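The structure appears right after this line, and notes come after that.
A quick note: this is a predicted structure, and the numbers were derived from the prediction, not measured. A, B, ... follow the sequence lines: proteins, then strands. Residue 1 opens every chain.
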Amino acid sequence: MDSLWGRRRRGDGDVAGERSPGRRRRKLGRQRFCILVTTALTGAALIAVLLSMLIMVNGEKELFRTLQVHVIFRHGERTPTDTYPNDPYKADDYWPEGWGQLTNKGKMQLYELGVYLRSRYGGTGLRALLDGAYQSSETKILSSYADRCIASAGVLLAGMFPPSASPGGSQVWLDALDWQPVPIRYRAKEDDNIIVSKKPCPRYDADLKAVYASPEVQIVNKENKDLYDHLTENAGKTYSSVLDVEFLYNTLQIEEIRGLELPDWVKGWYPERMRPLASLSLALFTRTLPMKRTKSGVLLGQIGDHMNKKISTKDDSKVYLYSGHDTTIVNMLQALGVGEDSFKPEFGAAILVELLEAANGDKHVQVLLKNSTSSEELFPIELPDCLKPCKIENFLKLPAITTPEQWENECKI
Amino acid sequence: MGSCFKILCIVVVAHITYASRVTANEEDLGSLQLVHIIFRHGDRTPVEPYPNDPYKNVSLWPVGWGQLTNVGKRQHYHLGKFFRRRYADFLSTKYLKEEVYVRSTDVDRTLMSVESNLAGLYPPVENQVWEPGMTWQPIPVHTVPESLDEVLSAKKPCPLYDEMVKKVKQSPEIKMKNEENKALYQYLTEKTGKYVHDLFSLENVYNTLFIEETNNFTLPEWTKSVYPDKMVSSAALSFSIAAYDKDLQRLKMGPLMGEILKHMKRKVEGTSAHPKRKLFIYSGHDTTIANVLNTLGLFNPRFCPPYASTIAFELYLRKNGVYYVSTLYKNGTQREDFVPLTIPGCLQECPLENFVELMKPIIPSDWARECERGGYYSTSRLFATSGALPLPDLALIALITSGTTALILTIAIFAVMYYWCRRRESHNWYFRLNSDDT
């Protein structure tokens with residue numbers, strides 16, 4: 001985390017204008033005239049320094065205008081999707097919400113994210129883009145098929161567009177309820193090559209197989225044989241890959257968050273030994289460029305298209321929300337060229353892709369990561385294939401961008 | 001609006017079977033097993049103003065064109081509350097994902113309507129309260145893009161349907177109506193600046209005027225002579241075309257009715273993948289309501305489905321083991337309760353077997369194949385209007401092939417019989433000779 005998005009900076013200092021150099025001049029003179037000149041010059045210099053500081057503070061607001069933002073986020077805290085034979089908590093009673101469902105805490109997390117987005121892009125925010133009212137022509141939502149993603153999008157929108165925040169409260173429709181309906185769309189799992197990206201792709205399947213069989217992964221497997229053996233012995237089923245470990249890690253993590261006591265045999269193994277493998281497993285899904293293109297290329301292409309359209313037609317579109325999974329986040333970072341094997345997104349993690357307009361009319365793209373809903377910290381991401389300032393023309397040439405047609409072609413074996 | 005409502009009341013009353021009627025089963029109303037609800041979205045803004053519309057400035061419609069208004073949200077919120085009251089003993093107070101499945105057409109106003117409805121039906125209770133004071137919780141609404149949806153929005157391309165509906169529009173009955181309306185169409189075209197030439201374009205204008213009137217906009221002077229009285233019957237008639245006859249119903253509504261029957265069948269057999277499921281909600285349009293009623297044989301072509309109007313199919317089980325379907329209708333938010341409808345050919349409490357039998361002709365076995373031009377033809381069409389309809393190619397080939405086969409077979413049988421009979425005859429000759437002797 002720190003290594004990648006190392007330059008921790010609060011908020012939005014990332015594209016601020018250059019500091020205009022202050023100039024000072026010291027001169028001692030005997031004559032009054034000289035003193036006068038000196039005073040005047042010093043004063044001017046001081047004002048110049050103050051002004052440049054002021055520009056620093058408000059710089060971004062004045063120099064850049066937000067035109068459009070795309071938010072790709074992971075659902076909130078959920079119940080396990082998976083269990084293991086010796087799981088002491090495999091009974092349905094432990095998970096009254098059902099398997100793989102959003103929990104109340106998860107709802108709060110995404111609601112908070114919505115509130116955050118409202119403050120960042122809302123009427124008085126630094127990035128003022130929306131006037132507080134939901135408009136179907138301005139905000140579009142696409143979710144993954146999973147209930148937890150659809151529900152996450154729902155609570156996020158509840159936080160982002162409470163009717164009471166609309167100008168003059170014009171969208172208040174029921175006095176007792178500060179919520180309004182907003183349409184949420186999704187694609188069936190088998191048709192989705194945008195968010196969950198599970199649309200069948202034979203070439204990708206072959207690629208993934210090759211990655212799992214590669215020396216790199218084989219070495220990892222060898223080095224972790226003791227872990228696999230330990231898990232196989234205690235969990236009650238065979239563990240032989242990083243993917244197996246990832247699933248178990250997720251289940252254990254959720255049980256731990258729930259306050260359930262983990263069995264003794266996990267001690268020393270969870271989380272320390274398992275976490276690196278779990279995060280590696282996520283990263284392996286997009287090990288090569290063709291794999292990145294298959295998993296995130298269409299979404300990246302769509303983002304590019306929407307930005308392009310915004311610039312050329314000045315349409316009403318402002319906010320695009322994509323409600324997905326941990327893989328959606330990791331795949332996208334990998335596709336942007338900034339993935340890391342040790343990165344595992346938190347619940348409610350979000351990538352913000354902002355289209356900004358500079359004072360000279362240039363259009364820039366800025367990518368930020370917000371990894372947690374409990375902190376407002378944003379990590380600016382520098383794209384290796386689109387160095388800052390990342391101009392839209394260069395962003396549109398990112399190697400991972402694909403079209404749906406290219407996607408189909410590249411999936412053929 | 002008023003006249004449309006009056007007409008609707010007449011229609012509904014005509015189909016009411018009073019619950020108080022004396023039947024043998026009066027004692028055993030049965031226990032409710034499964035409910036299907038289909039409704040229209042709530043109050044919306046015009047989908048499209050006409051060119052000369054004095055109210056075509058979008059700033060007069062802050063939510064945008066074709067969008068649900070606050071009134072519409074409230075209509076559905078209260079409809080959801082009505083469902084909560086009606087099914088208080090049937091549904092859990094808590095939202096349970098196993099119990100309810102919600103589907104909407106892929107349109108903003110239908111998605112938003114059903115979300116508002118669910119806010120009324122399932123306010124969070126007990127441990128479902130996720131933020132104190134918030135009386136709403138997220139519930140997934142499923143939807144399929146229109147171009148892929150043959151079930152609810154019924155807009156997935158179906159070439160044969162398109163061909164057939166074109167013929168209905170050319171039918172003598174509709175042609176006559178267009179002829180009748182000629183002066184009206186001309187008048188509307190001239191006044192609105194929009195080319196009004198058939199029932200659909202007329203309905204479009206009618207609908208916009210209706211919405212502007214409900215939103216207290218003063219309608220232009222020219223409308224006085226035609227709106228609503230001269231337009232309403234034609235506007236309503238336009239709703240009858242999409243599911244005009246059994247063939248159109250089969251392709252337009254077959255997938256939806258088939259899905260509903262499948263749910264009922266699986267409930268009865270206990271073969272559902274979701275055995276706890278009790279409620280299916282379908283969020284659609286005026287056309288959805290009209291087409292379902294048409295398919296049930298309950299459509300009156302003078303009927304405009306109002307906002308939030310609802311059709312329900314309730315499946316009951318009697319103590320004697322008999323399942324029956326009760327079909328109900330709720331006229332938007334203007335009536336407080338469901339009224340029972342009686343499907344022609346069945347009792348109001350229609351035994352499931354009969355219900356299935358009645359629906360059989362309109363349930364396609366393979367919708368996609370039947371939609372291919374020439375892949376399907378209905379016998380009723382083929383023989384009732386011989387010559388009027390060109391025989392689909394595949395059918396013609398099938399007819400020729402089977403006819404040729406039959407001919408060859410006949411000749412073969414004839415030849416064999418002839419040969420065999422001749423041989424028998426020669427045998428008989430000896431017998432005859434013998435018999436001659438006696």
Side-chain angles (χ1 to χ4, degrees), chain A residues 76 92 96-112 133-138 140-141 143 145-159 162-163 166-188 191 316, chain B residues 41-43 58 62-78 81 94-98 102 104-120 123-124 126-145 148-149 283:
Chain A
D92 290 350
E97 302 96 331
W99 295 91
Q101 297 294 312
L102 195 64
T103 66
N104 277 353
K105 194 175 161 206
K107 289 174 195 166
M108 272 313 294
Q109 290 170 332
L110 267 289
Y111 181 78
E112 293 294 338
Y134 161 76
Q135 293 291 355
S136 59
S137 57
E138 293 179 354
K140 313 273 181 197
I141 304 99
S143 171
Y145 75 97
D147 279 3
R148 58 182 175 278
C149 297
I150 303 176
S152 289
V155 282
L156 180 138
L157 290 162
S166 59
S170 63
Q171 294 194 321
V172 175
W173 61 283
L174 206 65
D175 287 333
L177 185 59
D178 199 12
W179 166 85
Q180 63 176 320
V182 174
I184 299 166
R185 292 176 168 81
Y186 73 93
R187 288 215 184 167
D191 285 328
D316 290 342
Chain B
H41 58 77
D43 183 83
V58 74
V63 290
W65 301 117
Q67 295 289 322
L68 194 67
T69 65
N70 282 352
V71 174
K73 291 171 197 170
R74 281 195 290 274
Q75 285 170 343
H76 265 284
Y77 179 77
H78 291 299
K81 285 211 171 299
K94 265 189 188 178
Y95 160 72
L96 299 176
K97 72 182 178 80
E98 297 82 10
V102 187
S104 170
T105 61
D106 188 15
V107 178
D108 284 356
R109 57 182 177 276
T110 49
L111 286 159
M112 291 160 82
S113 289
V114 68
E115 285 177 13
S116 309
N117 194 294
L118 291 166
E126 299 161 37
N127 60 2
Q128 289 189 325
V129 177
W130 58 281
E131 180 171 80
M134 174 70 93
T135 53
W136 166 84
Q137 63 177 323
I139 293 172
V141 174
H142 300 276
T143 184
V144 173
L148 300 174
D149 183 4
S283 180

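- Looking at Pro181(A), Ser137(A), Ser136(A) one by one, the single match for side-chain contact (heavy atoms from CB on, under 4.5 Å) with Asp108(B) turns out to be Ser136(A).
- For Ala151(A), the parts sitting under 4.5 Å from any heavy atom of chain B are the backbone and the side chain alike.
- At a 4.5 Å heavy-atom cutoff, the contact between Ala176(A) and chain B is made by backbone atoms alone.
- Within residues 63-70 of chain B, the residues having any heavy atom closer than 4.5 Å to a heavy atom of chain A are Val63(B), Gln67(B), Asn70(B), listed by residue number.
- Taking CD from Gln128(B) and CG from Asn104(A), the interatomic distance works out to 7.5 Å, rounded to the nearest 0.5 Å.
- For Pro62(B), the part sitting under 4.5 Å from any heavy atom of chain A is the backbone (N, CA, C, O) and nothing else.
- Below 30°, between 30° and 60°, or above 60°: for Tyr77(B) and Trp173(A) the angle between ring planes is above 60°, a perpendicular geometry.
- Two rings, from Tyr186(A) and His142(B), have their centers less than 6.0 Å apart.
- Only the side chain of Lys97(B) comes within contact range of chain A, judged by heavy atoms closer than 4.5 Å.
- Interface remark: Val144(B) contributes no atoms to any contact with chain A (heavy atom separation under 4.5 Å).
- Between chain B and the residues Leu102(A), Leu157(A), Ile184(A), the largest count of heavy-atom pairs under 4.5 Å involves Ile184(A).
- Rounded to the nearest 0.5 Å, atoms CG (Asn127(B)) and OG1 (Thr103(A)) are 11.5 Å apart.
- When all heavy atoms are compared, the tightest approach of Ala119(B) to Leu177(A) is CB-CD2, 4.4 Å.
- Asp178(A) approaches Met134(B) most closely through the heavy-atom pair O-CE, 4.2 Å.
- For Trp130(B) against Met108(A), the heavy-atom pair with the smallest separation is O-SD, 3.3 Å.
- Looking at Ser143(A), there are no atoms closer than 4.5 Å to chain B (heavy atoms on both sides), in backbone or side chain.
- Applying the side chain to side chain donor-acceptor pair (under 3.5 Å) test to Thr110(B) and every residue at least two apart in sequence or in another chain returns Ser104(B), Thr105(B).
- Side-chain atoms of Lys73(B) and Leu174(A), non-hydrogen and from C-beta on, never get closer than 4.5 Å to each other.
- For Val107(B), the part lying under 4.5 angstrom from a heavy atom of chain A is the backbone only.
- Residue contact with chain A, scored on non-hydrogen atoms closer than 4.5 Å, involves the side chain of Gln137(B) exclusively.
- Annotation: side chain to side chain donor-acceptor pair (under 3.5 Å) contacts of Gln135(A) (sequence neighbours excluded): none.
- Qualifying salt bridge (charged side-chain N to carboxylate O under 4.0 Å, His left out) partners for Asp106(B), counting only residues two or more places apart in sequence or in other chains: Arg185(A).
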Please report the C-alpha distance between Glu115(B) and Trp179(A) in whole Å, then the side-chain angles of each, then the deciding distance to 0.1 Å, and finally whether the side chain to side chain contact (heavy atoms under 4.5 Å, CB included) criterion is met. CA-CA 11 Å; Glu115(B) 285 177 13; Trp179(A) 166 85; 4.0 Å; yes
